[in-house]
Amino acid sequence: MATRPRLARHVRLTYSAARERPVLLLPETVVVLNPTGAAILELCNGQRTIAQIVTELGRRYREVPAEEVQRFLAGLAARRCVEPADG
């Protein structure tokens, strides 16, 4: 929960008008996001910890399971879309 995630250098979070959804752009790949995933990634600036991201999401959406945020970010880290800012 102390990790400070950020988007990997080769990844960009944007909105696709064609898909009418937020997406992650990677070399040769597009990952279509749901609104919750986009909200998590918008907070991944390398300065906030995962705990701070969960707290901020809790302010916006009332109840946010920390385990689900961690699982989502771990999946993106495995795909090299997200990386820790501190290492």
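Quantities reported herein were computed from a predicted structural model and do not represent experimental measurements.
Under the salt bridge (Lys or Arg N to Asp or Glu O under 4.0 Å) criterion, Arg60 pairs with Glu56, not counting sequence neighbours.
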In residues 25-37, what donor-acceptor pairs under 3.5 Å come from side-chain atoms, sequence neighbours left out?
{"residue": "Asn34", "atom": "OD1", "partner": "Thr36", "partner atom": "N", "Å": "3.1"}
{"residue": "Asn34", "atom": "OD1", "partner": "Gly37", "partner atom": "N", "Å": "2.6"}

Validation: residues 2-17 side-chain donor-acceptor distances under 3.5 Å, sequence neighbours left out:
{"residue": "Arg4", "atom": "NH1", "partner": "Gln47", "partner atom": "O", "Å": "2.3"}
{"residue": "Arg6", "atom": "NE", "partner": "Glu83", "partner atom": "OE2", "Å": "3.0"}
{"residue": "Arg6", "atom": "NH2", "partner": "Glu83", "partner atom": "OE2", "Å": "3.2"}
{"residue": "His10", "atom": "NE2", "partner": "Arg80", "partner atom": "O", "Å": "3.2"}
{"residue": "Tyr15", "atom": "OH", "partner": "Glu20", "partner atom": "O", "Å": "3.4"}
{"residue": "Ser16", "atom": "OG", "partner": "Arg19", "partner atom": "N", "Å": "3.1"}

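For the residue pair Pro22 and Ala38, the shortest heavy atom distance occurs at CG-CB, 3.5 Å.
Atom CD of Glu63 is separated from atom CG of Leu57 by 12.5 Å, given to the nearest 0.5 angstrom. Note that CG of Asn45 is 7.0 Å distant from CD1 of Ile53, once rounded to the nearest 0.5 Å. In this structure, SG on Cys44 lies 7.5 Å from CD1 on Ile50, to the nearest 0.5 angstrom.
Proximity of a side-chain donor or acceptor of Glu42 to a complementary backbone N or O of Ala39 within less than 3.5 Å is not detected. Counting only distance, with no hydrogens or angles, the side chain of Arg48 and the backbone of Leu43 share a donor-acceptor pair below 3.5 Å.
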